[in-house]
Trainee: 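Here it is, the structure in full.
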Amino acid sequence: MVSVYDVPADALIEDVADRLADRIEEPDWIEFAKTGQTKEMPPEQDDFWHVRAASLLRKVAKEGPIGVDRLSTEYGGRKRGSNRYRVSGNSSASGSKKIIRTALQQLEEEGLIETAKGQGRKLTDDGRSFLDNAADDVLEDLDRPELERYA
């Protein structure tokens with residue numbers, strides 16, 4: 001059986017985002033929200049919400065149980081001041097917890113993840129089979145000889 005670990009992350013996230021487009025809908029406020037303190041503008045990608053939800057689902061599957069704070073540091077970046085001028089030295093900043101929390105809540109409503117008391121979110125059995133089916137489809141579509149041994 002093919003799992004999340006056996007396929008490239010970018011191909012899996014793209015396929016899962018397409019599958020999630022039918023199941024979750026993006027909030028109205030996302031076109032105005034920044035993805036973190038380090039950003040000046042909102043995301044320009046049309047399917048940003050579904051790609052971020054797919055990425056979160058994959059991260060919860062690989063590293064779960066994991067909380068919103070830990071995920072926000074993973075989606076954060078380097079804070080260097082403005083694009084126009086440098087205000088201070090480099091430091092790290094966290095990503096938007098509102099975006100992460102809302103996407104996790106939507107995935108939880110779909111039954112793909114669940115809350116582990118005091119530990120964060122973890123994958124459910126339905127979520128595991130959802131990702132495994134997506135990984136299996138991705139592996140069939142890939143034309144990469146080094147991945148043939150997993151087929």
Trainee: Please examine the side chains of Glu114 and Arg121, heavy atoms only from C-beta on, and report whether any two atoms are closer than 4.5 Å.
Mentor: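 Side chain of Arg121 against side chain of Glu114, heavy atoms only: no contact under 4.5 Å found.
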
Trainee: For the residue pair Gln106 and Leu20, establish whether any side-chain heavy-atom pair is separated by less than 4.5 Å.
Mentor: no

Trainee: So, do Ile13 and Val51 sit near enough that their side-chain heavy atoms are less than 4.5 Å apart?
Mentor: yes

Trainee: Answer yes or no: are there more than 12 heavy-atom neighbours, outside Glu108 itself, under 6.0 Å from its atom CD?
Mentor: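 More than 12 within 6.0 Å, yes.
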
Trainee: If only atom types and distance count, is the side chain of Ser72 paired as donor or acceptor with the main-chain N or O of Gly95 below 3.5 Å?
Mentor: no

Trainee: Between Trp29 and Thr102, is there a side-chain heavy-atom distance shorter than 4.5 Å?
Mentor: yes

Trainee: Less than 4.5 Å apart, any side-chain heavy atom of Tyr5 and any of Lys62?
Mentor: yes

Trainee: If we ignore hydrogens and angles and just use 3.5 Å, is the side chain of Ser129 paired with the main-chain N or O of Asp126 as donor and acceptor?
Mentor: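 Answer holds: yes.
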
Trainee: Please round to the nearest 0.5 Å and tell me the distance separating atom CD1 of Ile30 and atom NZ of Lys98.
Mentor: 10.0 Å

Trainee: Measuring from atom CZ of Arg128 to atom CG of Asp125, what distance do you get when rounded to the nearest 0.5 angstrom?
Mentor: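 Rounded to the nearest 0.5 Å, the CZ-CG separation comes to 9.0 Å.
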
Trainee: Using side-chain heavy atoms (C-beta onward) and a distance below 4.5 Å, is Leu142 in contact with Val138?
Mentor: yes

Trainee: Starting at CD1 of Ile100, measure out to CZ of Arg70 and round the result to the nearest 0.5 Å.
Mentor: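 Reported to 0.5 Å precision, the distance equals 12.0 Å.
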
Trainee: Quick one: does any side-chain atom of His50 pair with a main-chain N or O of Arg19 as donor and acceptor, under 3.5 Å?
Mentor: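 Such a contact is absent between His50 side chain and Arg19 backbone.
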
Trainee: Is the shortest side-chain heavy-atom distance between Leu57 and Leu123 below 4.5 Å?
Mentor: yes

Trainee: Compare every heavy atom of Leu107 with every heavy atom of Ala53, then report the nearest pair and how far apart it is.
Mentor: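 Scanning both residues completely, I find the closest heavy atoms to be O-CD1, 3.6 Å.
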
Trainee: Look only at the side chain of Asp6 and the backbone of Val2, and say whether a donor-acceptor pair between them is shorter than 3.5 Å.
Mentor: no

Trainee: Measuring from Lys122:NZ to Ile66:CD1, what's the distance to the nearest 0.5 Å?
Mentor: 14.5 Å

Trainee: Test Leu71 against Lys97 for side-chain contact (heavy atoms from CB on, under 4.5 Å), laying out the working first.
Mentor: CA-CA 8 Å; Leu71 287 168; Lys97 293 179 184 176; over 6 Å; no

Trainee: Can you name the closest pair of heavy atoms from Leu12 and Val4 and give their distance?
Mentor: CD2-CG1, 3.8 Å

Trainee: Please tell me if the side chains of Glu25 and Trp49 come closer than 4.5 Å, counting only heavy atoms from C-beta onward.
Mentor: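 Side-chain contact under 4.5 Å: no.
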
Trainee: Identify the heavy atoms of Asp132 and Ser3 that sit nearest to each other, and give their distance.
Mentor: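 What the structure gives for the nearest pair is OD1-CA, 3.5 Å.
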
Trainee: Report the distance from atom CZ of Arg52 to atom NZ of Lys59, rounding to the nearest 0.5 Å.
Mentor: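 Going from the CZ atom of Arg52 to the NZ atom of Lys59 covers 9.5 Å.
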
Trainee: As an exercise, state the distance from OG1 of Thr115 to CG of Leu104, rounded to the nearest 0.5 Å.
Mentor: 8.5 Å

Trainee: Could you report the tightest heavy-atom contact between Pro65 and Ala116, atom names first, then the distance?
Mentor: CB-CB, 4.3 Å

Trainee: Is it true that the side chains of Ser55 and Tyr75 contain a donor and an acceptor less than 3.5 Å apart?
Mentor: yes

